[in-house]
Amino acid sequence: MPPTDGPRQDAPGARQGIRIRLEVAFADFRLDVDLDLPGRGVTALFGHSGSGKTTLLRCVAGLEPAARGVLTVNGECWQDSARGLFVPPHRRQLGYVFQEASLFPHLSVRRNLEFGLRRIPAAARKVSLAQATALLGIDHLLERMPDRLSGGERQRVGMARALLTSPRILLMDEPLAALDARRKQEILPYLERLHDELDIPVLYVSHAAEEVVRLADHVVMLGEGRVMAAGELRATMARLDLPTAFTEDAGVVVEGRVAEHDDHYHLTRLDFPGGAVWVSRQVAELGRMLRFRVHARDVSLADHQVEGTSIVNLLPVVIDEIVGADTAAHVLVKMDAGGTPLVARITRRSSEQLVLRPGRRMWAQIKSVALLG
Amino acid sequence: MPPTDGPRQDAPGARQGIRIRLEVAFADFRLDVDLDLPGRGVTALFGHSGSGKTTLLRCVAGLEPAARGVLTVNGECWQDSARGLFVPPHRRQLGYVFQEASLFPHLSVRRNLEFGLRRIPAAARKVSLAQATALLGIDHLLERMPDRLSGGERQRVGMARALLTSPRILLMDEPLAALDARRKQEILPYLERLHDELDIPVLYVSHAAEEVVRLADHVVMLGEGRVMAAGELRATMARLDLPTAFTEDAGVVVEGRVAEHDDHYHLTRLDFPGGAVWVSRQVAELGRMLRFRVHARDVSLADHQVEGTSIVNLLPVVIDEIVGADTAAHVLVKMDAGGTPLVARITRRSSEQLVLRPGRRMWAQIKSVALLG
Amino acid sequence: AEDTVTIAAAADLKFALDEIVAAYRSRQSGDRVEVIYGSSGKFATQIRQGAPFDLYFSADIAYPRELEAAGLAAGPTRPYALGRIVLWSNSRDASALRLQDLADPALGRIAIANPRHAPYGKRAEEALRAAGVWDAVQGRLVQGENIAQTAQFVQSGNAGIGIIALSLALNPTLAQQGGYALIDDALHEPLEQGFILTRRAAGNAAAARFADFMQDEVARAIMRRYGFVLPGEGGAR
Amino acid sequence: MSSLSSADWSAVWLTLKLATVSTVILLLVGTPIAWWLARTRSKWKGVVGAVVALPLVLPPTVIGFYLLLAMGPNGPVGQLTEALGIGLLPFSFAGLVVGSVIYSLPFVVQPVHNAFEAIGRRPLEVAATLRAGPWDSFFNVALPLARPGFVTATILGFAHTVGEFGVVLMIGGNIPDKTRVVSVAIYDHVEALEYAEAHWLAGGMLAFSFLVLLALYGRRYRTGGGLG
Amino acid sequence: MSSLSSADWSAVWLTLKLATVSTVILLLVGTPIAWWLARTRSKWKGVVGAVVALPLVLPPTVIGFYLLLAMGPNGPVGQLTEALGIGLLPFSFAGLVVGSVIYSLPFVVQPVHNAFEAIGRRPLEVAATLRAGPWDSFFNVALPLARPGFVTATILGFAHTVGEFGVVLMIGGNIPDKTRVVSVAIYDHVEALEYAEAHWLAGGMLAFSFLVLLALYGRRYRTGGGLG
Ligand SMILES: Nc1ncnc2c1ncn2[C@@H]1O[C@H](COP(=O)(O)OP(=O)(O)OP(=O)(O)O)[C@@H](O)[C@H]1O
Ligand SMILES: Nc1ncnc2c1ncn2[C@@H]1O[C@H](COP(=O)(O)OP(=O)(O)OP(=O)(O)O)[C@@H](O)[C@H]1O
Ligand code: MOO
Ligand SMILES: [Mg+2]
Ligand SMILES: [Mg+2]
């Protein structure tokens, strides 16, 4: 049973999920959010600079003592101001990757990493030091002092340090911002696996739509301290009316079943209601569900089943709706591919030349390379 | 004439350009570069985390006193260790946007901004406080202290502060990393104009290929403290043998002349040797040269002139070469479009099914939306 | 176990008492005697607060009498000497000087002990007033915390001349330097010095032995040699 | 150092003992006060800070005098210690320790306070997210980061105690082996015109202190600045 | 405070004057030393640091004694000042200032040194890229950022001078209006058993100092940490 000043367990069959009903006010800013988030998987926090993303993470971590409200994480109540309950940060079993790496300047990289690791029971350690350092490519830095590291190196050490506490929830404030593409490519799949294996919820602040789409199950869009939109990734990203900066990044996320491997051409076929796409060979057993994103700008439309091109994926679709896009030159075309929504971003001229209108049957061309690998 | 301890002007007809021949060694790292960069325009510094990008900028700024070698910026010699010459940082008339914002904690945002501004002669001020704050969206923050700012807000103040010194060279260490897409969209064009109007060279560290391609004329790729590749943007980005993380981002940069505006469909046609592409309506007079990038992954190939699709841009090409790409599933196809090089990233299966080989004539399909707007 | 006697003594006794203690120890080799020198006033304050002194040799007799009246003494106050003050200089022969000469600014600074709480300072002030030069020397007076420090001001040359205890001027080190002029004891109240056994010393046989030793001819001879006039004896050199 | 008498040696020994004991107590007492001052948002912060700093402005003789009155047989502290069977503190080693601690407290609290403030709250927040409770953070993050402040506090506290004179003069009584510390011993030599002895003792102190300070300086935490 | 005699008032006035003048000189002398210590990579750093800290361990009476010898007519300083026509320093206000500055120097240098080190090099690098030369950076960046250290240095330096007793005893000579400072005046009252006067003077000092310290504490620079 938890200690009396530790997290309070609610009724035994307590519902999973994260309930955040918090508010805190600064001189010129006020955060006021009411969110119900899933108890596992990645929730992406979007929003412009200054919209309150960091503040929200800090409230969840218990680092803003002035915050009032209710916070429950998978049945554990961490804060309930009405009841006077406030679990201090060190009892919340969370991992926090700060926006600035914030390494301890008096400890070597190794001792920074061990700081959290040594404070959890050996039995609770799900990530080993060797694993974390290998993943983040920092083995050769272990004996360095933090002031001898580059910006990206510091950031990676900060991430490894948080992972090593095997937390029950992970708060990440733009952890990949300072990393180069190759490193991101290495870390992203690990984070995906992490969230599969550790089965913990992750709150993830990011500006990069790519990252979010790849990782997130849920998205929350903040604006001036309030929740502008929140919900399941596919539903939220497909909403064309979002007053956002993301229409250029418009697209949908589709889940497909691994149906076939083509070992000669190193390809894998993913089936989903309404069609199939070929992607790079995936290391996944047949039948497994994989997620991929279809960027609106990677989808083109044709009035017939075009042959003799390098475009591998052709799907029959029915046009649902045509709406304005981010520039006057473009429109977003929302379609239905046998139950799976798709969005294409094409020029208005093409739309008129092809005489697109709701209900019309067309072929969607998807460059396979635009799919998530 | 400059003061004796100020920058030393070489011969009156001194050549323009930046000559960097510097080396500096840390315990586990050694930077050793020999670069000749253009004296105007943006040079992008690429390279993995820890490859020495920040160290190089610091050497140029004069912040690594241990660095040895020669550094000349547009005819002014800032360092020549053999001659014992070392111009101190404050006489180098440079602007430096640090990787971490590094605002003065004891000064308000306004006083941070004024710090540099007040130290240059009024006549030399090419950017006003109002301009800079409006551009970076920090007007409402002027009276705040830095510890009351969000991460992105700090970064923007740091950028504005550097711009306000109207420097003769601008060093930017990932200035946009912490910014959201919308803000980037606002700042990038300004930086472009800045470099047109101020006519100063910019050394720009970035992980985001998009940014680089949009801004840079020149690229330098660093790896373990050495120059892996350096040169004019188009030439360097089209080289397929770069041992880089950027093959996924492979592509070419093309310069086209504004040839026609279609005000009905809000499109602009850009002509270049070998063809033309349609892009979003540009605010640019006819005849002006504009640059755009063609991502390899946005190019598909067809064996005939496909009609009835939303793809606007179709160019006849001749295949030059087919090489391996970053995954076994893909190949990079290098082509010649009437003198302009193009690259396509397609599946190996498509390549075989279309029987691609050097010398074969094909049609390149470019989604107009993939062009730089 | 050996018996220990702790003595608090006025600074003017510094050299004389050291010799007396040496003589005493050659006779009573079993007793340990510690002497602490300082200003008489400070010791009086400390004894009121329970300082562990067995004997208190003051530079005047008023302080021990007050302690006796306050019940802090084991036995009556015993006078043990009359002190004398002298003019002494390190840098010139003072033996030919008289108090009136101090009005001459050429002599430089004049050191005296603090008249507020050092008896030797009090007497110096009285003598200067009686000689009619008190006002004339005001601007040049410097005060030592006790009479030994006053001597040290003069000895280091920072004061041109000083009024110090005869007992100090007769110390071999100082006697080699300069010279002194005895000040007429008619110009000031007598420097009647007394000591007490403190209440704390009641029952300390060694303390009583040492007190008695002050009457011994050996001790008296030493005192005389340092220029003290002993009770019942008259005149000085 | 054949020129030092055994009495001088015992003064040296006593001084080192006094300074060591006092410094240890000063650090134990001063650190929590400094921590509280650096962290609290209480309205009493200013008042407590000022009270702790007060011994600074009182001349040591004044402190000594009031301590003498307070700890004497008629003073409140004296009556308490007597009732407790400890006896009276003045003229004892314990009394000197009490005096030194009060006298030197601000010299320990001030630098440590500054060092704690310079840390900022971020490292402690980070420590909390890494499961370190308040005590754990204090010992493993705040203390090491405040190291330069502690070095300074130790130097100032120790040295101030070694150099103490006024307080000792009042409440010490200059008793050999108990309260005659070096400062008083040198003073006595000087007053007795025993300059050679004074020079030896002062010179020895100086040389010794120089070496200790040199060692401490060599080990100062070199890098400054905030979080890496 | 009708109980303070005019002599006492002039001791108070003299003390404040001495402490103010000394503190100003201490800051002027101590700041460059602290800056050099914080920035240099010279091998002499440790030695200079230790030398500056040395006055800490010497009892004030010892410092006073050696100053008396050095500044006296036979001492090197004394012969210099006489040759320069300044006259002798002992028993003069100028002499007290010299003594106070030497005696209190470490109390000013140490906190400022710590504060300078805590700044790190980044803010100065930033300032340089914003066209601030070394002096400009020093005054507009380093000094403001080291503010808590300067507050502490000022408090410690001022207070230490106010509380000084041993040095004054040795080189002061207790001359009214010139060298009789409060610490000596209180001592005299106590020794003369004028306890009431001593209480008034000590109590007044205490109250005054408390108010000054309270004001200083209220204005301490609150936020800590590195660059924002
Ligand atoms: N002061 C130092 N002492 C020792 N090594 C250092 C120091 N500063 C940087 N390094 C090392 O030098 C290498 C280059 O660092 P630099 O900061 O230039 O990298 P970078 O290319 O800017 O990386 P990032 O993208 O992560 O910011 C790194 O391996 C780093 O660990
Ligand atoms: N301690 C504070 N006091 C006053 N205002 C603050 C404080 N901390 C943050 N703010 C303000 O609150 C708002 C939200 O800040 P927050 O750090 O949560 O933004 P963010 O969404 O993380 O932005 P970014 O993407 O730039 O990091 C900002 O306008 C910021 O200026
Ligand atoms: O009591 Mo004294 O010897 O006059 O200083
Ligand atoms: Mg943030
Ligand atoms: Mg870097």
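Numbered from 1 within each chain, the chains take letters A, B, ... in sequence-line order.
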What distance separates B:Ser300 OG from A:Ile366 CD1, expressed to the nearest 0.5 Å? 13.0 Å

With rounding to the nearest 0.5 angstrom, report the OG to OH distance, B:Ser351 to A:Tyr265. 8.5 Å

Any side-chain heavy atom of B:His266 sitting closer than 4.5 Å to one from A:Thr347? no

Check: A:Leu301 main-chain N/O paired with B:Ser310 side-chain donor or acceptor under 3.5 Å: yes

Hey, does the side chain of A:Arg348 reach the backbone of B:His264 with a donor-acceptor pair shorter than 3.5 angstrom? yes

Winner by heavy-atom pair count (cut-off under 4.5 Å) against chain B, out of [options]:
options                               : answer
A:Val299, A:Thr55, A:Asp262, A:Leu141 : A:Val299
A:Thr309, A:Asp173, A:Leu149, A:Thr54 : A:Thr309
A:Met362, A:Arg144, A:Lys53, A:Glu307 : A:Arg144

A:Asp28/B:Arg148 salt bridge by N-O under 4.0 Å criterion: no

Between A:Glu153, A:Gln155, A:Arg156, A:Arg154, which is the residue that forms a side chain to side chain donor-acceptor pair (under 3.5 Å) with B:Ser49? A:Arg156

Under the salt bridge (charged side-chain N to carboxylate O under 4.0 Å, His left out) test, residues paired with A:Arg269 that sit two or more places apart: A:Glu260, A:Asp271

Which residues pass the side-chain hydrogen bond (donor to acceptor under 3.5 Å, both in side chains) test with A:Glu143, sequence neighbours left out? A:Arg110

Residue B:Gln353 versus chain A: region with a heavy atom under 4.5 Å: neither

Which of B:Ala27, B:Gly50, B:Ala344, B:Ser51 touches chain A most, by non-hydrogen pairs under 4.5 Å: B:Gly50

Chain A shares the most heavy-atom pairs under 4.5 Å, among B:Gly308, B:Ser150, B:Ala302, with B:Gly308

